[in-house]
Amino acid sequence: MKTIFILIAFVLEGGFCVAQPLIQVEKQSFVNVGKAGYFWQDTLKTTPFEKVAQLKAEDFSKGRSAIFNGGSSGKVWWMKLRFTKNSPTTPYLFIDYANIDTINVFYRDESGRVKQINAGMFNLKENDNILGTGFVFPLKQVKTPVGEVYVRMRAMNTLLVPVKLVTESVLNHGLFKAHSVQPIYIGIALMIVIFHVFMFAVTRSKLFALYIARIILLYFIVMVCYLQGYGLLLGVPIARFILVHAHFFIAVGYLVTILFNSYFLKLKRQLPQLDKFFKTLMFGWGLILICSLWDARILTNILTHVLFLFTSLLFLFSSVKVIIVRGYAKNNPLIWCYVLGWIPVAVASIYLVFCLSRFIPFQSYSYNLLSLAGIIEGILISLGLYGQRLRLLTRHNAHFRKQRILLQEQVEGYRKQLDATKEKANEPLSLKALIELAHSGDPSFMKRFNETEPVFIEKLLQIAPQLLPAELVLCAYIRLNFDTKEIARSCKLSVRAVESRKYRIRKKLGIDSETNVHTWMSAIAKTS
C-alpha cells in the first residue's frame with residue numbers, strides 16, 4: 001500500500017513538473033509571479049541559451065515563494081516563465097530589484113528568432129532608459145499562443161528576484177501605487193535628520209552627530225539607494241559604486257551606531273562586560289569594512305548577516321538592561337522610547353536574516369518591512385534622545401538651583417558677619433581690651449585707639465602739628481602707660497630707638513626733662 005502511494009505521488013509530481021503553469025498576462029495584477037516560475041542553477045556559469053531551452057521541464061525546480069532567493073555566493077540562475085497573451089498586447093517583464101549584477105532576457109519572436117535583452121547593474125550604459133528601482137523588459141512580437149521567456153541572472157550580493165509579468169497599463173498603475181509611499185518615508189527621514197541637526201547645533205552633543213551619521217549611512221545610502229535601487233537615479237557610476245561597496249557603508253553605519261549606543265547608555269560604567277562584547281563586534285564590523293574595499297562580496301555577505309543579527313539584538317538587550325532594569329528612565333518616561341525604538345529593528349533583523357538564509361520565504365512586503373522599521377526606530381530613538389536631554393537639563397537645573405541656594409546662604413552669612421564686624425568696630429573698646437590689642441601689635445590698634453579716645457590725638461596735633469604717625473603711635477602707647485621695654489617689644493623696635501623717639505616727642509610737645517611724660521600724657525587725656 002505504501003508503494004502505491006509513493007508511485008501516485010511520484011506521478012503527480014512528475015505531471016505537475018511537465019505541465020508548467022501558464023501566466024495569463026491580461027489577468028495578472030501587480031504581484032510577483034515567482035511561484036509560477038521555474039528555476040535552474042547553471043553550475044558551469046557559461047551554459048548558452050540554446051542548451052537551456054532544450055532542458056526538460058523536470059530539470060527545473062518549481063518556485064517556492066513569490067520572490068526567488070538565489071543566495072549570496074555569486075551563483076548563476078536561469079528562470080523560465082510560460083505565459084499567454086492576446087495578440088495586440090505587449091507583455092512587460094519587470095524585475096523590481098536593481099541590485100543584480102547581470103540580467104539576460106531571452107525569448108522567441110513570431111518568426112522563431114531569438115531575442116535577447118541585456119540589463120543588470122554592470123550591463124547598463126549612461127544613455128539607457130532605466131527605471132529607478134528595477135528593470136523593465138518589453139517582450140515585443142513574442143511567439144504565440146504560448147510564449148516562453150528565459151532570464152539569466154547573477155549577483156555577487158544576495159540574488160533576490162521579485163518579477164512581475166503584466167501589461168503596460170498594469171505596470172504603470174502598479175509602479176505609481178507601489179512607490180508612492182517611498183517619498184513619505186524619505187520625507188519623514190529628512191525631518192528626523194533636520195531635528196538632529198538642530199539639536200546638535202544647540203547642544204553640541206556627539207550623540208546627535210552620531211545618530212545623523214547612522215541615518216545617512218544606513219537609511220539613505222544602504223536602504224534607499226542600495227536596497228530599494230534609487231541609487232540609479234543618481235547615475236549609473238554612483239549606483240555601481242554603492243552596489244560594490246554596500247558592505248562598507250553598512251559596516252561604517254553599524255560602527256557609528258555601536259558608539260552611539262555605548263555613549264547613550266554609558267555602557268563602560270553601567271555594563272562593562274557588555275561594553276567589551278560590543279568592542280568585539282566593532283572589530284568584526286571593521287573586518288567587513290576592510291574586506292569590502294577589495295570587493296570580497298561573497299565573504300562580507302555571510303559576515304554581514306551574522307553581525308547584523310547579533311548587533312541588532314544586543315542593542316535591544318543593552319537598552320532594556322540599562323533603562324528598564326537599572327532604572328535609567330526612572331524620572332523621565334520619554335527615555336523608554338529608546339528601548340521601544342530597537343524592538344522593530346530587532347524583529348526586522350531576525351525576519352530578514354531568516355529570509356536571506358532561506359529558512360522562510362522572501363515576500364513582497366519584506367522590502368518595506370525594513371524601511372518601516374527604520375522609520376519607527378528613527379521617530380522613537382529621537383524621542384528617547386530628547387527625553388535624555390530633558391533629563392540632563394532637569395538634573396543640571398536642580399544642581400544649579402541647589403548651588404544658587406547655597407551661594408545665597410553664604411552671601412547672607414558673609415553679610416551678617418560684616419554687619420556684626422561693623423557694629424563691633426563702632427563700639428569703643430575697654431582700656432583692658434585696648435591694652436591687649438596694643439600688646440599684640442595689631443595693625444588696627446591706632447584705629448581702635450582713636451575710636452576709644454577720639455580727642456587725644458587731636459589735642460597732641462594742636463600742640464605739635466609736626467608730629468609724625470610713628471610718633472603718634474608711641475604717644476598712644478605712652479598714654480596706655482607702657483614703659484620703654486613694653487613699647488619696644490610691641491612695636492618690634494629697639495629700646496634705644498624708642499628712647500630716641502621719646503626725646504623727639506618731648507622737644508616737639510615742649511615737655512621739659514623734669515616732667516614725667518606718662519603723667520603729662522594722662523593729663524592731656526583727662527582734659528580731652
Side-chain angles (χ1 to χ4, degrees), residues 17 20-21 23 30-45 47 52 55 59-81 93-105 119-122 133-135 137 149-165 178 222-223 226-229 242-244 246-247 250 288 296-309 312 347-373:
C17 288
Q20 294 182 357
I23 301 170
F30 196 70
V31 294
N32 296 312
V33 293
K35 286 187 177 182
Y38 277 75
F39 300 88
W40 178 73
Q41 182 184 344
D42 185 359
T43 55
L44 298 177
K45 300 182 181 181
T47 307
V52 176
L55 294 175
D59 293 328
F60 288 83
S61 59
K62 186 180 181 299
R64 297 181 180 179
S65 61
I67 297 176
F68 174 70
N69 182 1
S72 57
S73 56
K75 297 176 182 177
V76 174
W77 286 91
W78 286 82
M79 178 177 61
K80 177 183 178 183
L81 296 172
L93 181 71
F94 175 46
I95 296 180
D96 192 10
Y97 190 61
N99 300 312
I100 302 176
D101 294 0
T102 57
I103 302 174
N104 306 107
V105 178
M121 191 66 74
F122 293 98
T133 59
F135 307 95
F137 305 94
V149 58
Y150 292 81
V151 184
R152 182 185 183 274
M153 307 161 294
R154 181 180 183 181
M156 297 299 291
N157 287 352
T158 303
L159 178 62
L160 298 174
V161 190
V163 60
K164 302 170 179 66
L165 192 61
V222 175
M223 202 175 301
Y226 169 61
L227 290 178
Q228 297 174 3
I242 294 175
L243 172 63
V244 173
H247 296 97
I250 295 173
I288 291 176
R297 288 189 277 166
I298 295 176
L299 173 63
T300 55
N301 276 326
I302 300 171
L303 288 174
T304 300
H305 293 170
V306 174
L307 291 183
F308 170 63
L309 178 61
S312 301
V347 172
S349 66
I350 295 172
Y351 172 75
L352 286 175
V353 169
F354 274 69
C355 284
L356 295 171
S357 302
R358 304 181 190 175
F359 289 111
I360 56 178
F362 215 91
Q363 303 295 339
S364 301
Y365 54 78
S366 301
Y367 292 102
N368 292 326
L369 182 64
L370 193 58
S371 297
L372 183 61

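Since this is a predicted model, take the numbers as computed values, not measurements. Quick note: residue numbers are just sequence positions, from 1. When reading the values below, keep in mind they use all heavy atoms of this one structure, side chains included, and skip hydrogens, waters and symmetry mates.
Rounded to the nearest 0.5 angstrom, Trp78 CH2 and Asn104 CG are separated by 7.0 Å. Expressed to the nearest 0.5 Å, how far CG of Leu160 lies from CD1 of Ile67 amounts to 7.0 Å. Atom OG1 of residue Thr304 and atom CG of residue Leu309 lie 12.5 Å apart, to the nearest 0.5 angstrom. Within the model, atoms CZ of Arg64 and CG of Asn69 stand 12.0 Å from one another, a figure rounded to the nearest 0.5 Å. Of the inter-residue distances, the one linking Thr102 atom OG1 with Phe122 atom CZ reads 9.5 Å to the nearest 0.5 angstrom. From Asn32, atom CG reaches atom CD1 of Ile95 across 10.5 Å, with rounding to the nearest 0.5 Å.
When all heavy atoms of Leu227 and Tyr97 are compared, the pair lying nearest together is O-CE1, 3.5 Å. The minimum heavy-atom distance between Lys80 and Phe60, with the atom names listed, is CB-CE2, 4.1 Å. Closest heavy-atom contact between Lys45 and Arg154: NZ-NH2, 3.8 Å. Among all heavy-atom pairs drawn from Met153 and Met79, the shortest one is CE-CB, 3.9 Å. Nearest approach of Asp59 to Trp40, heavy atoms of both residues: O-CD1, 3.5 Å. Taking both residues in full, the closest heavy atoms of Ser72 and Thr158 are given as CB-OG1, 3.8 Å, listed atom of the first, atom of the second, then distance.
Checking Asn99, Ile100, Leu243 one by one against Asn157, the side chain to side chain contact (heavy atoms under 4.5 Å, CB included) holds for a single residue, Leu243.
With a 4.5 Å cut-off on side-chain heavy atoms, Lys164 and Asp96 count as touching. Looking at His247 and Asn301, their side chains come closer than 4.5 Å, going by heavy atoms from C-beta outward. In this structure, the side chains of Phe137 and Val149 stay at 4.5 Å or more apart for every pair of heavy atoms.
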Pair Leu81-Leu93, side-chain contact (heavy atoms from CB on, under 4.5 Å): steps then yes or no: CA-CA 10 Å; Leu81 296 172; Leu93 181 71; 3.8 Å; yes
Intermediate values then yes/no, side-chain contact (heavy atoms from CB on, under 4.5 Å), Phe308 and Ile250: CA-CA 9 Å; Phe308 170 63; Ile250 295 173; over 6 Å; no
Steps toward side-chain contact (heavy atoms from CB on, under 4.5 Å) verdict (Val163, Val151): CA-CA 10 Å; Val163 60; Val151 184; over 6 Å; no
Intermediate values then yes/no, side-chain contact (heavy atoms from CB on, under 4.5 Å), Met223 and Leu370: CA-CA 8 Å; Met223 202 175 301; Leu370 193 58; 3.9 Å; yes
Which donor-acceptor pairs under 3.5 Å do side chains of residues 350-360 form with protein atoms, sequence neighbours excluded?
| from | atom 1 | to | atom 2 | distance (Å) |
| --- | --- | --- | --- | --- |
| Tyr351 | OH | Ser366 | OG | 2.8 |
| Ser357 | OG | Val353 | O | 2.8 |
| Arg358 | NH2 | Gly70 | O | 3.1 |

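With sequence neighbours excluded, the residues that form a side-chain hydrogen bond (donor to acceptor under 3.5 Å, both in side chains) with Thr47 are Asp42. In this view, Leu372 and Tyr185, Ile376 satisfy the side-chain contact (heavy atoms from CB on, under 4.5 Å) rule, not counting sequence neighbours.
For the pair Ser61 (side chain) and Phe39 (backbone), a donor-acceptor distance under 3.5 Å is present.
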